[in-house]
Amino acid sequence: MPRFPSGFRWGAATAAFQVEGSTRADGRGDSIWDVFTRTLGLVLDGSNADVAADSYVRWRDDLALLAELGVDDYRFSIAWPRVQPEGAGTAHAAGLDHYARVVDALLEAGIRPLPTLYHWDLPQPLEEAGGWLARDTAARFADYAALVVDGLGDRVGQWITLNEPAMTTLQGYALGTLAPGRTLMMAALPTAHHQLLAHGLATRVIRAAGDAEVGIVNNHTHVVPASDDPADHLAAGAFDAIYNRIFADPVLAGRYPDLSGLGLDRMPGLEDGDLELIAAPIDFYGVNFYNPTRVAAASADSEFAAAGLPFEPVEIEGVPVTGFGWPVVPEALTEVLVSLREEHGDALPPIVITENGASYPDEVVEGDDGGRRVHDPERIAYLDGHIRAVHDAIERGVDVRGYLVWSLIDNFEWADGYTQRFGLVHLDLDTGERTRKDSFDWFRDLIAAQRG
Ligand code: IFM
């Protein structure tokens with residue numbers, strides 16, 4: 001592995017709903033995900049996150065694993081329904097106290113807490129009032145952010161506002177494959193703008209409270225046209241707009257991309273002054289990356305054409321795939337990073353890779369010492385390739401400051417339940433037992449070697 005610049009930060013990530021469990025403990029309210037998981041047939045294996053990795057209870061075990069890995073940063077998220085069970089009102093002390101304990105213990109262990117304020121668990125009462133379709137939800141998010149920053153701001157020096165607003169808009173409100181399970185197709189677009197507005201309002205709250213750093217996390221894919229056919233290029237441009245640019249351009253450049261390929265002349269929901277708020281300077285830009293996407297013009301008889309969409313993702317042939325069937329193409333991460341730099345130049349804030357990783361169907365076996373082991377060479381190869389891809393981007397002039405593996409531990413993979421395992425640590429779903437995978441040892445050794 002090539003050497004990264006000194007000061008480069010290594011870490012691991014999780015999210016509240018995916019690991020915490022204890023969904024009814026200490027007065028936590030329902031989120032859209034509690035309701036989604038209770039609806040028969042929406043989660044692949046019929047599971048829920050009532051226990052998940054039990055991290056609300058076993059957080060000290062997770063902390064011990066992080067310390068053993070030797071990470072600089074731990075990215076976790078704060079559950080909005082623990083802080084405001086009804087999505088409004090004063091801070092619920094028991095909820096905030098939990099995160100205060102976690103943050104204090106991380107700091108004591110020399111690990112920097114990197115909390116995300118919103119990783120998809122919208123309080124259900126807010127969904128019933130319109131969810132992210134309602135502009136008011138952005139204001140509610142700013143109120144919630146103020147409570148959290150007031151409670152933890154003396155100890156937290158870096159905040160992430162939102163995680164992957166694209167997935168909330170596209171899968172949550174357009175396709176219905178994630179909570180809240182709405183199938184509004186193009187009518188879902190106001191949720192993109194309202195989430196970005198929420199980011200802008202929360203950024204203002206964080207700035208007003210002190211000198212903590214702030215950033216947002218977007219999921220990026222490298223979009224490749226399926227052929228040289230101009231129709232495929234147009235389709236790829238439209239896909240790039242709806243997946244990457246609608247969420248990145250307003251934050252990084254204060255404008256929405258050209259939406260004409262999607263049949264729109266302006267972003268729905270946009271009001272005067274919004275873009276100035278959304279584009280307020282941030283201290284870092286979080287990139288989540290998993291795979292590239294090959295895009296063709298929608299064929300006439302496809303479900304995409306039927307839904308009025310001009311594009312259709314098509315298979316990338318001849319590359320390995322993850323357990324999810326996602327193509328493994330590490331160079332695509334370099335391309336995403338270099339393109340961001342080429343497009344935004346010095347206006348691009350330092351980048352942190354806030355998530356990268358892969359699911360594989362891991363199995364626990366008996367190790368040479370009679371203990372439990374998980375051999376996951378494919379995950380090691382995936383991580384190795386993508387970390388090298390980040391290094392290549394740095395060599396090509398991109399200012400990348402950190403890399404966080406998704407995920408510390410196997411967890412509730414949303415609508416796919418527990419069928420996909422992303423962890424460096426294996427989770428026994430019956431007992432909650434944690435077993436280090438080979439990738440855990442590999443990442444620990446990589447961090448140590450980079451420091452040595
Ligand atoms: O598990 C998710 C995470 O919550 C958001 N980014 C992608 C991961 C893998 O699907």
Side-chain angles (χ1 to χ4, degrees), residues 11-21 31-34 36-37 42-45 47-49 52-53 55 62 74-80 114-122 160-172 175 177-180 195 215-222 243-244 247-248 285-293 313 321-328 332-333 336 352-362 376 378-379 382-383 386 403-427 429 439:
T14 61
F17 193 76
Q18 294 180 270
V19 297
E20 285 181 351
S31 75
I32 52 174
W33 271 98
D34 296 277
F36 189 91
T37 54
L42 293 185
V43 176
L44 188 61
D45 55 4
S47 63
N48 60 45
S55 293
D62 297 345
Y74 177 44
R75 177 177 173 227
F76 58 99
S77 79
I78 293 176
W80 189 346
L114 189 53
T116 306
L117 289 167
Y118 183 70
H119 198 126
W120 302 357
D121 41 7
L122 187 72
I160 291 170
T161 53
L162 306 181
N163 178 70
E164 299 181 4
M167 299 306 113
T168 294
T169 295
L170 302 178
Q171 298 197 56
L175 301 171
T177 49
L178 296 178
Q195 289 182 85
I216 186 172
V217 166
N218 275 323
N219 187 321
H220 278 266
T221 188
H222 177 54
Y243 195 103
N244 296 312
F247 301 92
Y285 183 68
V287 170
N288 290 357
F289 178 86
Y290 289 89
N291 55 269
T293 311
V321 293
T322 70
F324 243 141
W326 297 349
V328 180
L333 173 54
V336 162
V352 177
I353 308 299
T354 35
E355 284 181 28
N356 177 240
S359 63
Y360 290 104
D362 305 313
D376 57 345
E378 291 166 302
R379 180 172 294 103
Y382 180 99
L383 296 175
H386 286 79
Y403 174 94
L404 283 72
V405 173
W406 184 268
S407 177
L408 173 66
I409 186 165
D410 294 339
N411 55 54
F412 180 74
E413 179 53 27
W414 308 113
D416 288 275
Y418 298 99
T419 64
Q420 302 294 329
R421 293 178 174 274
F422 277 89
L424 297 172
V425 175
H426 178 274
L427 172 70
L429 294 170
S439 56

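In each ligand, atom 1 is the first atom listed, and ligand 1 is the first ligand listed.
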**Prompt:** Would one find an N or O of W406, backbone or side chain, under 3.5 Å from an N or O of ligand 1?
**Reply:** yes

**Request:** Using distance alone, decide if ligand 1 has a nitrogen or oxygen within less than 3.5 Å of any nitrogen or oxygen in W120.
**Result:** no

**Message:** Can you classify the ring geometry of F17 versus F412 as parallel (below 30°), tilted (30 to 60°) or perpendicular (above 60°)?
**Reply:** perpendicular

**Between S55 and D62: side-chain donor-acceptor atoms closer than 3.5 Å** = yes

**Request:** For the pair Y118 and V217, evaluate side chain to side chain contact (heavy atoms under 4.5 Å, CB included) and give the outcome as yes or no after the intermediate values.
**Result:** CA-CA 10 Å; Y118 183 70; V217 166; over 6 Å; no

**Fill in**
The atoms of ligand 1 lying under 4.0 Å from a heavy atom of E164, numbered in the order shown, are 5 (C), 6 (N), 7 (C)

**Identity and separation of the nearest protein heavy atom to atom 9 (C) of ligand 1** = E413 OE2, 3.4 Å

**Item:** Under 3.5 Å: N/O of N163 near N/O of ligand 1
**Value:** no

**Prompt:** Which of parallel (below 30°), tilted (30 to 60°) and perpendicular (above 60°) describes Y285 and H220?
**Reply:** perpendicular

**Message:** Is a donor from one side chain sitting under 3.5 angstrom from an acceptor on the other, for T419 and D45?
**Reply:** no

**Message:** One residue to check: W326. Relative to ligand 1, which of side chain, backbone, both or neither has a non-hydrogen atom less than 4.0 Å away?
**Reply:** side chain

**Asked** Does H119 come within less than 4.0 angstrom of ligand 1, counting non-hydrogen atoms of the residue?
**Response** yes

**Asked** Between N356 and Y403, is any side-chain donor less than 3.5 angstrom from a side-chain acceptor?
**Response** yes

**Message:** Which residue and atom name correspond to the protein heavy atom nearest atom 7 (C) of ligand 1, and how close is it?
**Reply:** E355 OE1, 3.3 Å

**For atom 8 (C) of ligand 1, closest protein heavy-atom neighbour** = Y290 OH, 3.4 Å

